[in-house]
Amino acid sequence: MSRTSLHRQLLLADDCSATSAAFAVGYLSASQFSLERQHQFGAPPATDVRRNHQAIAA
């Protein structure tokens with residue numbers, strides 16, 4: 001499982017910030033992480049998490 005996938009799981013399961021989760025999975029740069037995550041999931045972390053929460057609630 002990739003670091004960005006682990007990060008996504010942390011954000012969806014826990015109440016932590018995107019930056020905290022990025023450092024927890026081994027990223028040293030929040031900006032590098034954000035670029036990689038947006039490339040993999042098509043949206044920045046906050047937008048992706050919001051979409052997932054809305055889909056679950058619907």
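In what follows, residues are counted from 1 in the order of the sequence shown. From a predicted model like this one, the values you see are computed outputs, not experimental measurements. Side-chain atoms are counted along with the backbone in the values below, which use heavy atoms only and exclude waters and symmetry mates.
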| note | Residues at least two apart in sequence or cross-chain that pass side-chain contact (heavy atoms from CB on, under 4.5 Å) with Q38, listed by chain then number, are P44
| remark: For T19, the side-chain hydrogen bond (donor to acceptor under 3.5 Å, both in side chains) test, sequence neighbours excluded, returns none
| said: Considering only residues two or more places apart or on different chains, which pairs with a residue in residues 49-58 satisfy salt bridge (Lys or Arg N to Asp or Glu O under 4.0 Å)? | reply: none
| query | Is L6 reachable from Y27 through a run of hydrophobic residues whose side-chain heavy atoms are each under 4.5 Å from the next? | reply | yes
| field | Under the side-chain contact (heavy atoms from CB on, under 4.5 Å) test, residues paired with A21 that sit two or more places apart | value | H7, L10, L11, C16
| message | Once salt bridge (Lys or Arg N to Asp or Glu O under 4.0 Å) is applied, what residue pairs with a partner in residues 20-33 remain, sequence neighbours excluded? | response | none
| Between F33 and R3, is there a cation-pi geometry (under 6.0 Å to ring centre, at most 45° from the normal)? | no
| note | Residue pairs meeting salt bridge (Lys or Arg N to Asp or Glu O under 4.0 Å), one or both in residues 22-40, sequence neighbours left out, come to R37-D48
| Residues that F41 engages under ring-ring contact (aromatic ring centres under 6.0 Å, His included), provided they are two or more places apart | none
